[in-house]
Amino acid sequence: MTLSEVQNAINERKICVLIPTYNNEKTLKRVIDGVLEYTQNIIVVNDGSTDSTSEILKTYSQFTILNLPENRGKGNGLKIGFRKAKELGYHHAITIDSDGQHYPNDIPIFVEALLNENQDVLLIGNRNMSQDGIPKKSSFGNRFSNFWFWFETGIKLEDTQSGYRVYPLHKIPKKYFTPKFEFEIEIIVRTAWRHIPVKNIPIKVLYDPAERVSHFRPFKDFTRISILNTVLVTITIFYIIPRNFIRNFRKKSFKRFIKEDILESEGTNRVKAFSIALGVFVGFLPFGGYHTLLVISLSVLFKLNKVLAFIASNVSLPPFIPFIIVASLFLGAPFVQGDSDIFNQEWNFDLVKNNVVQYIIGSMILATTMSVISWVATFLFLNKVSPDNN
């Protein structure tokens, strides 16, 4: 795209550039001047800087400057910037860090990628964290973040921590719960949960130790991020996955649901069969309300299909529980000095309490047997209806 095409697109699509800054006096002016080559639709959020940032910003009058009285964290600055951008009528915000690691001349890449999309999308710059010169702690932190983002959303990205992004302002959540660096994880996960695509696009990156000032506190911020991911994983397991399953099932005919969500879901036929077998195995085990947590965790560990495993784990729905208990007690009786004459007794939880070892052994036998049967049946079925997926 030519410079004039980029400038016209920024104005037509109502795009602004949001620059949060805190004590980046060495690089701030260079970043702002680079952005001004493309647009004056700029919002700078001075997050309580104590260096010469305020004096630098006084030399500009052609864009919006928000001076916060005290430092409250990058997430807080972004939230305030998003709110102001919507007040000014912008539809998208390109966020760029002021520490000099991002190149303003990558703005056309974001604009062109946005123009090529026929839907609302959140774009994240991919810095290629495997290249030379990238600090190892940054590379590790990014891989850590990428894994949990995939677990929480099912979307695989190569860079989830880059601050160079395009946000669809009217599609991101309105309220947030985190104020600092972890905010950038919260917003992309919760935006993905709203079924807004989140994608990477390649960008350049510069790590200059002589200029760059990082405010990331390894222990404190990593702890905050870990706590956030714990919360997000819990929500994913107990709300998002069941919600998406129910929504997909309601929106589609049974035939279409089987075709799109089962036959065409992630993985080969062998993987799908193992995923269902795992779900069945866990579903028949005596773990009460922990089936979902266990099956999702094991699916991630063994790289199986989480959705199929979750669906299959629901073999232990309440109407089936009495039959599962009785079958478990019956199968466990030959291995302990238990009572196999359970069909002439009242079926209640006292029966389980009085024969708990017999029940546990029997449930393991039942879970293993049904899991094997499920694997064989699923694999043969998928092989017949969709053989090309092997």
Side-chain angles (χ1 to χ4, degrees), residues 7 10 15-88 90 93-108 110 125 127 133-135 137-138 141 161-167 176 178-184 187 203-222 224-225:
Q7 293 171 335
I10 288 175
I15 302 170
C16 70
V17 178
L18 174 59
I19 309 174
T21 187
Y22 173 63
N23 289 351
N24 287 125
E25 60 184 3
K26 293 182 179 180
T27 53
L28 177 61
K29 180 174 174 56
R30 186 175 79 232
V31 173
I32 292 176
D33 290 344
V35 175
L36 281 171
E37 294 182 15
Y38 300 96
T39 183
Q40 292 186 5
N41 300 348
I42 300 174
I43 301 173
V44 176
V45 181
N46 177 16
D47 190 22
S49 297
T50 56
D51 59 2
S52 62
T53 293
S54 296
E55 285 67 36
I56 293 171
L57 293 175
K58 287 178 182 178
T59 64
Y60 298 96
S61 59
Q62 60 270 59
F63 54 78
T64 302
I65 299 172
L66 303 176
N67 290 298
L68 307 184
E70 62 182 71
N71 178 251
R72 298 281 300 278
K74 185 180 182 182
N76 184 66
L78 288 171
K79 284 184 278 188
I80 292 173
F82 291 150
R83 193 179 308 128
K84 186 64 176 179
K86 288 195 284 188
E87 288 176 5
L88 295 174
Y90 293 113
I94 299 176
T95 59
I96 181 171
D97 292 345
S98 62
D99 60 3
Q101 70 165 294
H102 301 147
Y103 288 82
N105 60 15
D106 276 337
I107 287 177
F110 283 99
R127 298 166 294 176
I134 302 295
K137 63 180 181 180
S138 298
Q161 291 193 317
S162 172
Y164 211 169
R165 305 177 175 186
V166 174
Y167 290 98
Y176 304 93
T178 53
K180 298 186 183 294
F181 285 101
E182 70 274 16
F183 170 83
E184 290 183 296
I187 190 171
I203 60 169
K204 302 182 294 293
V205 66
L206 172 65
Y207 279 88
D208 186 347
E211 285 190 336
R212 185 169 182 260
V213 178
S214 175
H215 303 291
F216 185 84
R217 302 161 300 176
F219 179 76
K220 287 186 177 180
D221 289 318
F222 189 78
R224 295 174 70 97
I225 290 171

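Here the structure is a predicted model, which means the values were calculated and not measured.
Between Phe63 and the options Ile43, Val17, Asn41, Ile42, a side-chain contact (heavy atoms from CB on, under 4.5 Å) holds for only Ile42.
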Determine, stepwise, if the pair Leu68 / Asn76 fulfils side-chain contact (heavy atoms from CB on, under 4.5 Å). CA-CA 10 Å; Leu68 307 184; Asn76 184 66; 4.1 Å; yes
How far apart are the C-alpha atoms of Asn23 and Thr50, what are their side-chain angles, what is the distance that settles it, and do they pass the side-chain hydrogen bond (donor to acceptor under 3.5 Å, both in side chains) test? CA-CA 6 Å; Asn23 289 351; Thr50 56; 3.3 Å; yes
Going through the checks in order, is the side-chain contact (heavy atoms from CB on, under 4.5 Å) test met by Ile80 and Arg83? CA-CA 5 Å; Ile80 292 173; Arg83 193 179 308 128; 4.0 Å; yes
Kindly indicate, with the supporting measurements, whether the criterion side-chain contact (heavy atoms from CB on, under 4.5 Å) is fulfilled by Thr39 and Ile107. CA-CA 10 Å; Thr39 183; Ile107 287 177; 5.6 Å; no
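Applying the salt bridge (charged side-chain N to carboxylate O under 4.0 Å, His left out) definition to pairs two or more places apart or across chains, those involving residues 66-80 are Lys74-Asp97, Lys74-Glu184. Applying the salt bridge (charged side-chain N to carboxylate O under 4.0 Å, His left out) definition to pairs two or more places apart or across chains, those involving residues 31-60 are Lys29-Asp33.
Closest approach of Gly81 and Val45 over heavy atoms only: CA-CG2, 4.0 Å. Between Tyr103 and Tyr164, the shortest heavy-atom contact is O-OH, 2.9 Å. When all heavy atoms are compared, the tightest approach of Ala85 to Cys16 is CB-SG, 3.8 Å. The minimum heavy-atom distance linking Arg127 with Val205 is given by the pair O-CG1, 3.7 Å. Taking every heavy atom of both residues into account, Ile203 and Ser162 meet most closely at CD1-OG, 4.0 Å. What you find for Val35 and Pro104 is that their closest heavy atoms are N-CB, 3.7 Å.
Counting heavy atoms from C-beta on, the side chains of Arg224 and Thr178 never come closer than 4.5 Å. Between Ile32 and Leu57, some side-chain heavy-atom pair lies under the 4.5 Å cut-off. With contacts defined as side-chain heavy-atom distances shorter than 4.5 Å, the pair Phe110/Ile15 does not qualify.
At distances below 3.5 Å, not a single donor-acceptor pair connects side-chain atoms of Ser98 with backbone N or O atoms of Leu28. Side chain of Asp106 to backbone of Lys204: a donor-acceptor contact under 3.5 angstrom is found.
The aromatic rings of Tyr167 and Phe82 sit perpendicular to each other, their planes meeting at more than 60°, with 30° as the lower class boundary.
With no hydrogens or angles considered, no side-chain donor-acceptor pair links Asn24 and Asp99 at under 3.5 Å.
To the nearest 0.5 Å, atom CG of residue Leu66 and atom OG1 of residue Thr21 are 12.5 Å apart. Between atom CD1 of residue Ile225 and atom CZ of residue Phe181 there is a gap of 8.5 Å, rounded to the nearest 0.5 Å.
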